[in-house]
Asker: 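Sharing a structure with you now.
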There are 2 protein chains.
Amino acid sequence: MALEHAILVSLLEKPGSGYELARRFDRSIGYFWTATHQQIYRVLKRMETDGLLAVREVAQQGRPDKKEYSVADPGRAALSDWLHEPIEPESLRHDLAVKIRGAAFDDPAALVREVERHRRAHGDRLARYLAGEQRDFTGPEAPAPLDAGQELQHVVLRGGIAYERMTIAWLDDVLATVHRLAAPRPRA
Amino acid sequence: MALEHAILVSLLEKPGSGYELARRFDRSIGYFWTATHQQIYRVLKRMETDGLLAVREVAQQGRPDKKEYSVADPGRAALSDWLHEPIEPESLRHDLAVKIRGAAFDDPAALVREVERHRRAHGDRLARYLAGEQRDFTGPEAPAPLDAGQELQHVVLRGGIAYERMTIAWLDDVLATVHRLAAPRPRA
DNA sequence: CTTGTCTATGCAACAAGGTGCATAGAAGGA
DNA sequence: TCCTTCTATGCACCTTGTTGCATAGACAAG
C-alpha cells in the first residue's frame with residue numbers, strides 16, 4: 001500500500017493533521033497520488049495504532065481543534081524498508097483510451113466533445129503546475145539555493161508537467177485523427 | 001467500472017474467450033488498461049448473467065474447449081450509454097514519485113538502482129510498442145489503407161509510445177538530478 | 001509414466017478505494 | 001436567528017482489484 005508511504009513522506013516533510021494532508025493530496029502530492037479524506041483518516045488511524053505515527057492534540061483559535069501527526073521511529077524504519085524493496089513499474093489505467101477505441105462502434109461526435117473536455121482539464125492542470133513551479137522553485141520568491149528535498153520535489157513536479165504536456169499533445173493528435181476520419185468523404 | 005467497457009470494446013473488435021481476452025490485456029489493451037484473468041472471468045460471468053454478452057461453447061482440437069463470448073444488443077447499448085456520459089480526467093498513481101521524494105530521508109543509492117530498473121522496463125515497453133506499431137500499422141505487412149477502427153487503435157498506441165518516451169526522459173532527468181545532488185561536494 | 005508447459009476456467013479470502021452520510025465548532029452574512 | 005461556508009473528523013457500505021489456490025485437457029520431453 002503506497003498511500004501509507006506517501007503519508008509517511010509527506011509527514012516527514014512536515015507534520016500535519018488529516019485535514020491538512022487531504023489538502024496536500026489536492027496539491028503537491030496530487031501530482032502523482034490522489035486520496036480522499038476518508039481514506040486518509042482511515043489509514044492515519046491504522047498507522048497510529050501500528051505505532052508508525054505519533055499524535056498530538058492541538059488546540060486552535062477560530063477553528064476546531066486538530067490532531068497533528070508526525071512520524072515515529074518505527075514509521076521511519078517502515079519507509080526505509082519500502083524504499084529499499086523494488087516495486088513494479090506502474091501501468092496506465094486510461095478510461096479515455098477505452099472510449100477512443102469504442103468510438104469505432106458509436107458516434108464520433110460524442111468522443112470529440114469528451115476529448116475536448118479532457119484537453120481543457122489537462123490544460124488547466126498544466127497551468128496550475130507551472131504556477132506552482134514558479135512559486136516554489138524557479139520564481140524570484142523561491143528559496144535561492146534549493147536543498148536536496150526541494151530539488152527532489154522539483155524533479156517530481158517536472159514529471160507532472162511533462163506528463164500534462166505529453167497528454168495535451170496526444171489529445172490533439174486524437175482530435176486530428178478523428179477529424180481526418182470524418183472529413184475525407186463528406187458526401188460518401 | 002471501465003473494465004466492463006474495455007471488455008465490451010475488445011469483444012466488439014473481435015469475439016473471444018476469457019483466456020484470449022486475458023492475453024489481449026497483456027498486449028494491445030494493455031497499453032492503457034491491465035487486468036488479471038481472475039478479474040476477467042468474474043466480470044465476464046456477471047456480464048453474461050446481466051445479458052450484456054452471449055456465450056457459445058466451442059470445441060477445439062488439441063486443446064480444451066472454450067467459451068466464446070460476443071456482445072449482445074444490451075451490451076452494445078450499455079457501451080453506447082457509457083460513451084455518451086462524461087468521465088473524470090484520470091489522475092496518476094505513481095509509486096516511484098513517492099520513492100523519489102522519500103529519498104530525501106534515506107539512501108539515494110537505493111533510489112538510483114530503482115530508477116535505473118524502471119528506466120530499463122520502460123525502454124523495453126517502448127521497444128515492444130514500436131515493434132507492434134510496425135507490425136500492425138506502419139510496416140509493409142500492415143493493411144494498406146487502415147479502417148476507422150484501426151486508425152483509432154493506432155492513435156491509442158501512439159499515446160502509449162508518447163507516454164513511454166516521456167517517462168524515459170523524465171527518469172533520465174531524475175537520475176541527473178540525483179547525481180547532481182551527490183556530486184558537487186564529495187568532501188563536504 | 002512422470003514431469004512440465006500451455007490452454008482454459010474458476011473459487012475464496014483479503015486489501016484497497018470510493019460514495020454517501022453524519023457530526024461539530026467557528027465565522028460571516030441575510 | 002438561520003443559513004452557509006470552512007475547518008475538522010469519522011462510520012458504514014459497496015465496488016474493485018489482488019493473491020493464492022485448485023482443476024483439467026492436451027501435448028512434448030525425458
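Naming: A, B, ... by sequence-line order, numbering from 1 per chain.
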Asker: Would you call Glu114(B) and Arg117(B) a salt bridge, taking side-chain N to carboxylate O under 4.0 Å as the test?
Answerer: yes
Asker: So, for His94(B) and Trp170(B), is the gap between ring centers shorter than 6.0 Å?
Answerer: yes
Asker: Do His5(A) and Asp95(B) have side-chain N/O donor and acceptor atoms under 3.5 Å apart?
Answerer: no
Asker: I need the residues from residues 42-54 of chain B with at least one non-hydrogen atom less than 4.0 Å from DNA chain C; give them sorted by number, or say none.
Answerer: Arg42(B), Lys45(B)
Asker: Shoot me the first and last contacting nucleotide of DNA chain C against chain A, ordered 5' to 3', at under 4.0 angstrom to non-hydrogen atoms.
Answerer: dA16(C) to dA27(C)
Asker: Does a side-chain N or O from Tyr41(A) land closer than 4.0 Å to OP1 or OP2 of dG10(D), or not?
Answerer: no
Asker: Assuming nearest nucleotide by heavy-atom distance, tell me which of Pro64(A) and Ala35(A) is located more 5' along DNA chain C.
Answerer: Ala35(A)
Asker: Quick one: does any side-chain atom of Arg24(A) pair with a main-chain N or O of Ser10(A) as donor and acceptor, under 3.5 Å?
Answerer: yes
Asker: How many whole angstroms separate atom CD1 of Ile7(B) from atom C1' of dT16(D)?
Answerer: 13 Å
Asker: Kindly work out whether a path of hydrophobic side-chain contacts (I/L/V/M/F/W/Y, heavy atoms less than 4.5 Å apart) joins Ile29(A) to Tyr163(A).
Answerer: no
Asker: On a heavy-atom basis, which atom in Ala97(B) and which in Phe32(A) lie closest, and how many Å separate them?
Answerer: CB-CG, 3.3 Å
Asker: Identify, between Gly62(A) and Lys66(B), the residue whose nearest nucleotide on DNA chain C lies closer to the 5' end.
Answerer: Lys66(B)
Asker: More than 12 heavy atoms of other residues, nucleotides or ligands under 6.0 Å from CD of Glu88(B): yes or no?
Answerer: no
Asker: Salt bridge check, Glu151(B) against Arg180(A): does any charged N sit closer than 4.0 Å to a carboxylate O?
Answerer: yes
Asker: Classify the side chain of Gln61(B) and the base of dG25(D) as holding, or not holding, a donor-acceptor pair under 3.5 Å.
Answerer: no
Asker: Could you pull out the closest heavy-atom pair between Gly18(B) and Tyr41(B), with the gap in Å?
Answerer: CA-CE2, 3.8 Å
Asker: Return the value, rounded to whole Å, for the distance between atom CD of Gln38(B) and atom P of dG20(D).
Answerer: 11 Å
Asker: Touch check for Gln39(B), heavy atoms < 4.0 angstrom, all strands: base, sugar-phosphate only, or nothing?
Answerer: base
Asker: I need the NE2-P distance between His37(B) and dG17(D), as an integer number of Å.
Answerer: 16 Å
